[in-house]
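Below you'll find the structure, written out as structure tokens, and then a few comments.
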Number of protein chains: 2
Amino acid sequence: MPLETLRSDWLDAFVAFAEHRNFTHAARELHLSQPALHVQIAKLSEELGVTLYRREGRALSLTHQGTQLLAFAREARERSREIVAELRGEPADAAVTMAAGEGAYLYLLGDALRAFTRRSTARLQVLTRDRQGAIDAVRSGEAHLGMGSFSSLPDDVLGTPLVEIGSCVVMPSAHRLARKRAIVLADLAGEALVVPPAGRPHRTALAQALETAGVAWRVAAEASGWDLMLHFASLGVGLTVVNDFCRIPRGLVARPLRGLPSVRYDLLSRRGARLGAGALALRQCVVDKTSRR
Amino acid sequence: MPLETLRSDWLDAFVAFAEHRNFTHAARELHLSQPALHVQIAKLSEELGVTLYRREGRALSLTHQGTQLLAFAREARERSREIVAELRGEPADAAVTMAAGEGAYLYLLGDALRAFTRRSTARLQVLTRDRQGAIDAVRSGEAHLGMGSFSSLPDDVLGTPLVEIGSCVVMPSAHRLARKRAIVLADLAGEALVVPPAGRPHRTALAQALETAGVAWRVAAEASGWDLMLHFASLGVGLTVVNDFCRIPRGLVARPLRGLPSVRYDLLSRRGARLGAGALALRQCVVDKTSRR
DNA sequence: CGGTAGCTATAATGTGATGTTATCGTAGTT
DNA sequence: AACTACGATAACATCACATTATAGCTACCG
């Protein structure tokens, strides 16, 4: 109970440790011996009365509380840097970090990011992450904001619904289905499809939908990323199903696909995060430029 | 240049010092010797490369940068307390602090504060301050928000216009001027007025307006605060001029006064402050409940 | 006007917190 | 099973920081 304020040097040590999840490496980064770092983390943990990490085999992983502390520590460090620069009269070159998938950057966030770089002086830093990676980046404070489509979010991450995206079937303009205005799952019976590798969410959703609709199909090719899928489709390898925000290459046509649930993209931020001016500006830009569709 | 993050114990020491502006007393509060505290502040100042306070005779006063640092340190401490409570699973009893004048509390903020206490679990802490006091409280981080009417604001304080308030003349219902719908400055010629003490802003504005309009008047009584002014008016001591948000006691009537500039009330927050959930909720309540009028 | 009270500031000195080296235990690896 | 990599703890060393002492400054008072 005799706790004033968390010692910032311990927090810095914790950030280094948490990023490596390895005392030896983190200690080297801090120009410190491994035992010294170990003791700091132990004291921090004891003072808080909270276990910050756990052993899993010989690997270490942060507890939930460790992750929360990491986010706090990163935020505090960032804030500290800002105030120091401000006091010294140096221009604050704060960076704003965003985590999202490649698809989001290529097809959804373009306008928003352009608007942001025009409006704000803050540097923009982007992390390309998959769904879980984006969530983790946001909850650990690695990124200020995240974007993606999520079936569920942990309690400590806040999602703002932005836009609903449907699917479309993409095929050569000469294809027999191109004459239809919209396509249903049954239309795809017997087709060879260009799909993401097994296990990727889009693949899973598509396969499941076709399965339950009793539609037989086969894999024409597996490709990662909308661009590559479309590329194979334009080579004539097979049809493909992509999100309807994709730009369709010449020679191909897209038709809305009914029967596949639409995907909602959310803007993520950490619950309880105190965003700085830059991050707020970016959030505003994303909401403004992305949500009306 | 070799600066990682500001040491939080030094910041705590600085907060204590800044609040007392006296090393000896602050050191006592920190259970520390005066030289020890002095050295901490000196090191902090040196590490920042910034002078934090100045001697004025035998008193010490914070520099502008000292004030900025104070605000930062208070915010950081607050944030640290929150995260500790959260990690331990204790309920965070964050407090939200507001600085305003008595008049604002009595006549403008009632609805907003009631709405806030219903909506948020955060404790509400109010500071009664005059104009300069409210500004100082906000820029030094003593208060999260401030409210009042200000002719000008320093760069580091952000004002959100809320509501324009006019003036009215208050008098016994039997008074000759009570038959008029609105009153102009000239109508007050020869009247005895209940006014605030010399130097108070309302007194200054009123006296100046009457002066330039060439209207002769005299002081019937001097009283601090709208309530007291109205009280004297209802005793029949004289007429009074108050903001038109005041509740008028029985037996008196109010008539709008033309010719006195209206006063704008602003909601204040520190530029660059990262407000927590509680303070944001309060701000929202104030804006919602106060601005439409 | 000089003495005094109250405080800041610096110097000299001591002690405890924190860092380092050394070493053991343990879990994966070959 | 021996090896490798790393976490954890202990023994010892050092450096940062606290304390006491004191000089210097400013206002105030008789």
Side-chain angles (χ1 to χ4, degrees), chain A residues 1-63 65-67 69-70 73 80, chain B residues 1-63 65-67 69-70 73 80:
Chain A
M1 67 241 82
L3 183 70
E4 349 80 66
T5 203
L6 286 176
R7 291 189 38 170
S8 52
D9 47 350
W10 291 357
L11 288 179
D12 284 336
F14 182 69
V15 172
F17 162 67
E19 284 175 348
H20 289 87
R21 268 171 255 97
N22 175 319
F23 284 102
T24 309
H25 299 333
R28 210 173 348 251
E29 181 181 301
L30 294 167
H31 306 291
L32 213 68
S33 69
Q34 173 265 318
L37 175 60
H38 185 267
V39 169
Q40 286 200 5
I41 305 296
K43 287 191 178 164
L44 177 60
S45 171
E46 189 192 14
E47 180 155 331
L48 286 169
V50 154
T51 59
L52 297 172
Y53 65 97
R54 220 186 298 283
R55 305 194 60 143
E56 289 177 359
R58 78 169 166 185
L60 305 181
S61 69
L62 296 187
T63 59
Q65 290 149 329
T67 307
L69 186 65
L70 173 58
S80 180
Chain B
M1 67 243 83
L3 182 70
E4 347 82 63
T5 203
L6 287 176
R7 291 190 37 169
S8 51
D9 46 350
W10 291 357
L11 288 179
D12 283 337
F14 182 69
V15 172
F17 162 67
E19 285 174 348
H20 289 86
R21 265 171 255 97
N22 176 321
F23 284 101
T24 308
H25 298 334
R28 211 175 346 253
E29 180 182 302
L30 293 166
H31 307 292
L32 213 68
S33 69
Q34 172 265 318
L37 175 60
H38 184 267
V39 169
Q40 286 199 5
I41 304 297
K43 286 189 178 167
L44 178 60
S45 172
E46 189 192 15
E47 180 155 332
L48 287 169
V50 154
T51 61
L52 297 172
Y53 65 97
R54 220 186 299 284
R55 306 196 59 143
E56 288 176 1
R58 77 172 164 182
L60 304 182
S61 70
L62 295 187
T63 59
Q65 289 150 328
T67 308
L69 185 64
L70 172 57
S80 179

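Below, chain A is the first sequence line, B the second, and so on; all start at residue 1. None of the values given here were measured: they were computed from a predicted structure.
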B:L44/B:L69 under side chain to side chain contact (heavy atoms under 4.5 Å, CB included): CA gap, chis, key distance, verdict: CA-CA 11 Å; B:L44 178 60; B:L69 185 64; 3.8 Å; yes

With a 3.5 Å cut-off and no angle check, do the side chains of B:T51 and B:T63 form a donor-acceptor pair? no

Say you draw a straight line from CG of A:D12 to CZ of B:R7; how long is it, rounded to the nearest 0.5 Å? 11.5 Å

Where at least one partner belongs to residues 16-31 of chain B, residue pairs that pass salt bridge (Lys or Arg N to Asp or Glu O under 4.0 Å), sequence neighbours excluded: B:E19-B:R74

Below 4.0 angstrom from OP1 or OP2 of D:dA18, is there any side-chain N or O of B:H38? no

Nearest whole Å is fine: how far is C:dA17 P from A:D9 CG? 14 Å

Output yes when at least one side-chain N/O atom of B:T24 is less than 4.0 Å from OP1 or OP2 of C:dT8, else no. yes

Where along residues 13-23 of chain B does a heavy atom fall under 4.0 Å from DNA chain C? B:N22, B:F23

If the plane angle is over 60° it's perpendicular, under 30° parallel, otherwise tilted; pick one for A:F23 and A:F17. parallel

Does a side-chain N or O of B:K43 approach OP1 or OP2 of D:dC17 to a distance below 4.0 Å, or not? yes

Phosphate OP1/OP2 of D:dC17 contacted by B:R7 side-chain N/O (<4.0 Å): yes

With side chain to side chain contact (heavy atoms under 4.5 Å, CB included) as the test, would you mind laying out the steps for A:L32 and A:Q40 before giving the verdict? CA-CA 11 Å; A:L32 213 68; A:Q40 286 200 5; 4.3 Å; yes

Any side-chain heavy atom of B:L6 within less than 4.5 Å of one from B:L48? yes

What is the separation between atom CD1 on B:I41 and atom C1' on D:dC17, rounded to the nearest whole Å? 14 Å

Taking only side-chain nitrogens and oxygens of B:Y53, does any of them come within less than 4.0 Å of OP1 or OP2 of C:dC7? no

Separation between CZ (B:F14) and CG (B:L37), nearest 0.5 Å, reads 10.5 Å

Using modelled atom types and a 3.5 Å cut-off, is there a donor and acceptor pairing between side-chain atoms of B:S80 and backbone atoms of A:T5? no

Send over the distance from B:L30 CG to D:dT19 P, rounded to a whole Å. 11 Å

In whole Å, I'd like the distance from the CG atom of B:L60 to the C1' atom of C:dA9. 11 Å

In B/S/- notation, 5' to 3', how is nucleotides 19-30 of chain C contacted by protein heavy atoms closer than 4.0 Å? SBBB----SSS-

